[in-house]
*Asks:* 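Before I ask anything, let me first share the structure, which is written out below as structure tokens.
As the structure is a computational prediction, the values presented were derived from the model and not from experiment. Excluded from the calculations below are hydrogen atoms, water molecules and symmetry mates; all remaining heavy atoms, backbone and side chain alike, are included.
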Amino acid sequence: EETLRGREGGGRPPRGSDAEETLRAKEAAARAVWRLSAGNPATQKAVAALGGISPLVALLGSGSADAEASAAGALAAISDHNSENELAIATMLVDLLPKAPATSVLGSFASSSAAASASPSPAAAEKGARAVARFAASSAGNQLAVAKAKAIPLLVALLTRLNQTASDLMARGRRGA
């Protein structure tokens, strides 16, 4: 199954293809989960208990604006006034962010899994960061859950690495010109 990191090219599948039909079905299912979960604590708990959070998080990287909006809406509805779901979703989203090597930039915030992926692709970094931002924007509780899941040091480290990469590319361009 595709994740935000696994779909570098993004974009919607070719029109009329099986992949497009599958994406449209996922979008419809996410929209239904959104509508059923909104303001309904029993449904919020059931979706989480049945493993529905992970496929919604994966749908955020589909490349389809409609599918991503439906998944984001469903995740917001599932987490509304439900701190357990907020933290579960935030943790999954933060896991999509490229991990920084443990450096002084992260200090005591560095997690034990921070050794992965020293050079994220800009596309993967953008998708992960966008998913975290969209979830955090839906409520103050989601913002706290994202912070508790340690997104802030990862986002700062990501910005630092991407700024350095951009500076390196500009310097190489000046030398080559």
Side-chain angles (χ1 to χ4, degrees), residues 1-15 17 19-31 33-34 47-48 51-79 85-101 105-106 109-111 113-139 141-169:
E1 182 152 332
E2 292 178 292
T3 65
L4 292 178
R5 283 196 199 151
R7 190 173 175 95
E8 296 295 322
R12 196 166 186 109
R15 190 170 272 287
S17 68
E20 183 194 33
E21 294 302 316
T22 299
L23 180 58
R24 288 176 51 199
K26 289 179 182 180
E27 178 186 325
R31 199 173 326 108
V33 168
W34 178 2
V47 170
I53 293 173
S54 182
L56 289 167
V57 168
L59 191 56
L60 290 173
S62 68
S64 160
D66 291 338
E68 290 175 3
S70 293
L75 290 168
I78 291 166
S79 65
N85 286 355
E86 285 172 343
L87 186 56
I89 293 165
T91 300
M92 284 184 198
L93 292 174
V94 170
D95 283 346
L96 297 174
L97 291 172
K99 305 299 184 273
V105 172
L106 294 178
F109 290 109
S111 70
S113 64
S117 145
S119 292
S121 76
E126 176 192 358
K127 288 178 182 178
R130 192 169 9 117
V132 169
R134 193 173 210 170
F135 181 68
S138 65
S139 77
N142 290 355
Q143 291 171 353
L144 292 173
V146 166
K148 189 182 273 188
K150 301 192 185 328
I152 295 167
L154 292 175
L155 290 166
V156 170
L158 176 63
L159 282 169
T160 301
R161 282 196 319 274
L162 291 174
N163 280 340
Q164 184 58 51
T165 299
S167 295
D168 291 348
L169 290 172

*Asks:* Is any side-chain heavy atom of Ser62 closer than 4.5 Å to one of Glu27?
*Replies:*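 A side-chain contact is absent here, since even the closest heavy-atom pair is not under 4.5 Å.
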
*Asks:* For Ala129 versus Leu97, what's the shortest heavy-atom pair and its separation?
*Replies:*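 In this case the closest contact between Ala129 and Leu97 is N-CD2, 3.5 Å.
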
*Asks:* Side chains of Leu60 and Leu93: closer than 4.5 Å at any heavy-atom pair?
*Replies:*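 A side-chain contact under 4.5 Å exists here.
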
*Asks:* Tell me if a side-chain donor or acceptor on Ser138 pairs with a main-chain N or O of Phe135 at a distance below 3.5 Å.
*Replies:*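 Yes.
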
*Asks:* Are Arg24 and Glu21 close enough for a salt bridge, meaning some N to O gap below 4.0 Å?
*Replies:*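 Answer for the salt bridge query: yes.
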
*Asks:* My understanding is that only residues two or more places apart in sequence, or in another chain, count here; which of them pass side chain to side chain donor-acceptor pair (under 3.5 Å) with Thr91?
*Replies:*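 So Thr91 forms no side chain to side chain donor-acceptor pair (under 3.5 Å) with any residue.
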
*Asks:* Side chains of Leu96 and Lys127, heavy atoms from C-beta outward: is any pair under 4.5 Å?
*Replies:*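 Heavy-atom side-chain distance check fails, nothing below 4.5 Å.
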
*Asks:* Is there a side-chain contact between Ile78 and Leu56, using heavy atoms and a 4.5 Å cut-off?
*Replies:*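 Yes. Closest side-chain heavy atoms under 4.5 Å.
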
*Asks:* Among all residues two or more places apart in sequence or in another chain, which pass the side-chain contact (heavy atoms from CB on, under 4.5 Å) test with Ala29?
*Replies:*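 Testing Ala29 for side-chain contact (heavy atoms from CB on, under 4.5 Å), a comparison that skips the adjacent residues, returns none.
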
*Asks:* For Asn85, which residues count as a side chain to side chain donor-acceptor pair (under 3.5 Å) partner, sequence neighbours excluded?
*Replies:*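 Counting only residues at least two positions away or on another chain, Asn85 forms no side chain to side chain donor-acceptor pair (under 3.5 Å).
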
*Asks:* Quick one: salt bridge (charged side-chain N to carboxylate O under 4.0 Å, His left out) partners of Arg130, sequence neighbours excluded?
*Replies:*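 Residues passing salt bridge (charged side-chain N to carboxylate O under 4.0 Å, His left out) with Arg130: Glu68, Glu126.
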
*Asks:* Residues in side chain to side chain donor-acceptor pair (under 3.5 Å) with Ser79, at least two apart?
*Replies:*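 Partners of Ser79 under the side chain to side chain donor-acceptor pair (under 3.5 Å) test: Asn142.
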
*Asks:* For Ala147 versus Ile152, what's the shortest heavy-atom pair and its separation?
*Replies:*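 Heavy atoms of Ala147 and Ile152 come nearest at CB-CD1, 3.9 Å.
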
*Asks:* Any side-chain heavy atom of Pro98 sitting closer than 4.5 Å to one from Leu158?
*Replies:*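 Pro98 vs Leu158: side chains touch.
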
*Asks:* Distance-only, no hydrogens or angles: does the Ser54 side chain make a donor-acceptor pair with backbone N or O of Gly51 under 3.5 Å?
*Replies:*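 No; zero donor-acceptor contacts below 3.5 Å.
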
*Asks:* Output all residues satisfying side-chain contact (heavy atoms from CB on, under 4.5 Å) with Ala136, sequence neighbours left out; order by chain, then residue number.
*Replies:*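 Partners of Ala136 under the side-chain contact (heavy atoms from CB on, under 4.5 Å) test: Gln143, Val146.
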
*Asks:* Over all heavy atoms of both residues, which pair between Ala151 and Val94 is shortest? Give the atoms and the distance, please.
*Replies:*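 Result for this residue pair: CB-CG2, 3.4 Å.
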
*Asks:* Residues two or more places apart in sequence or in another chain: which of them pass side chain to side chain donor-acceptor pair (under 3.5 Å) with Thr22?
*Replies:*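 Partners of Thr22 by the side chain to side chain donor-acceptor pair (under 3.5 Å) criterion come out as none, since no residue qualifies.
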
